[in-house]
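All ligand and atom numbering here is 1-based and tracks the order in the structure. Throughout, residue positions are numbered sequentially from 1 according to the sequence presented. All figures in this text were calculated on a predicted structure; none of them were measured in a lab.
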Amino acid sequence: MVERTLAIIKPDAVKKCVIGDVIQRYEAAGLDPIAMKMMHLSKSIAEGFYAVHRERPFFHDLTTFMSSGPSVVLILEGENAIQVNRDLMGATDPQKAEAGTIRAVHGASIEANAVHGSDSSETAKFEIGYFFPGMDFHAGR
Ligand code: CMP
């Protein structure tokens, strides 16, 4: 099934100048960027995005990190896009991510883990609407 997922190239990856490398990996995996913008998230925008984690002990550090510099926010479209992107990213903790995955290659820590990707179709719907309000979730490319 053709799906859409929300991806973020996080501030650590932007600082490392690997935006191009990450996008190339998306495209090579059949994940087409259909919307993309660079933005420096404010603390409150980061808090709204990660609201499901607000009770977690890492919430403050996570949202501080995500508002520490510019990110690139994308909608990726492709066959089974949500799972394909999760496989491409690897485990949340780069130390545990499979060799060759984006987080294994570019991530430094569980916080500075280079990329975010939606973890379910419900999350994808919320996350796409959060950054790209008005995008018709079910429209084609
Ligand atoms: P992400 O996929 O963007 O979703 C939530 C983020 O919280 C996660 O990647 C990590 O970067 C970050 N995080 C920080 N500490 C933890 C932790 N202990 N467990 C899970 N996620 C964490």
Side-chain angles (χ1 to χ4, degrees), residues 1-139 141:
M1 185 182 48
V2 175
E3 290 177 328
R4 291 179 174 184
T5 188
L6 193 283
I8 303 179
I9 304 175
K10 296 187 179 186
D12 58 315
V14 171
K15 280 196 192 88
K16 284 170 71 180
C17 301
V18 296
I19 296 171
D21 179 78
V22 172
I23 292 176
Q24 206 157 24
R25 289 169 191 266
Y26 293 149
E27 292 181 322
L31 297 170
D32 301 328
I34 59 159
M36 172 162 62
K37 58 186 171 185
M38 179 177 257
M39 55 191 298
H40 189 144
L41 275 54
S42 66
K43 176 92 168 148
S44 67
I45 292 284
E47 286 169 352
F49 180 73
Y50 282 119
V52 291
H53 296 305
R54 67 184 169 276
E55 305 300 339
R56 304 281 204 102
F58 56 83
F59 183 67
H60 173 74
D61 288 349
L62 168 64
T63 53
T64 298
F65 167 70
M66 289 300 289
S67 54
S68 67
S71 294
V72 177
V73 185
L74 311 92
I75 303 175
L76 303 174
E77 184 178 87
E79 200 60 40
N80 299 319
I82 296 166
Q83 190 58 45
V84 168
N85 189 37
R86 290 180 68 72
D87 293 344
L88 192 62
M89 290 191 298
T92 306
D93 181 350
Q95 313 305 324
K96 296 181 183 149
E98 202 178 317
T101 58
I102 295 173
R103 284 166 168 163
V105 173
H106 294 307
S109 67
I110 197 160
E111 181 174 282
N113 65 351
V115 282
H116 168 82
S118 309
D119 65 5
S120 69
S121 56
E122 277 313 298
T123 318
K125 199 165 190 168
F126 165 75
E127 293 182 350
I128 288 171
Y130 190 80
F131 282 120
F132 297 95
M135 286 282 296
D136 177 358
F137 189 77
H138 294 291
R141 195 178 194 189

Under 30°, 30 to 60°, or over 60°: which ring-plane class applies to Phe49 and Tyr130, parallel, tilted or perpendicular?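 Tilted, since the angle between the ring planes falls between 30° and 60°.
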Can you tell me which residue among Leu76, Leu74, Asn80, Ile23 is in a side-chain contact (heavy atoms from CB on, under 4.5 Å) with Leu31?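 The passing option is Leu76.
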List, one per line, each side-chain donor-acceptor pair under 3.5 Å for residues 52-60, sequence neighbours excluded.
residue : atom : partner : partner atom : Å
Arg54   : NH1  : Ala51   : O            : 2.7
His60   : ND1  : Lys43   : NZ           : 3.2

Between the protein and ligand 1, are there any N or O atom pairs that come within less than 3.5 Å of each other, and if so, what are their names and distances?
residue  : atom   : partner : partner atom : Å
ligand 1 : 2 (O)  : Arg103  : NH2          : 3.1
ligand 1 : 2 (O)  : His116  : ND1          : 3.2
ligand 1 : 3 (O)  : Lys10   : NZ           : 2.7
ligand 1 : 3 (O)  : Tyr50   : OH           : 2.6
ligand 1 : 3 (O)  : His116  : ND1          : 2.9
ligand 1 : 9 (O)  : Lys10   : NZ           : 3.3
ligand 1 : 9 (O)  : Asn113  : ND2          : 3.3
ligand 1 : 11 (O) : Lys10   : NZ           : 3.2
ligand 1 : 11 (O) : Ile110  : O            : 2.6
ligand 1 : 11 (O) : Asn113  : OD1          : 3.4
ligand 1 : 11 (O) : Asn113  : ND2          : 3.3

Are Lys16 and Asp12 close enough for a salt bridge, meaning some N to O gap below 4.0 Å?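 A salt bridge is absent here (no side-chain N lies under 4.0 Å from a carboxylate O).
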Closest heavy-atom pair and its distance - Met66, Pro11: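 Looking at all heavy atoms of both residues, the closest pair is O-CG, 3.8 Å.
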Residues, nucleotides or ligands: over 12 heavy atoms within 6.0 Å of Gln83 CD: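 Buried by this count: over 12 neighbours within 6.0 Å.
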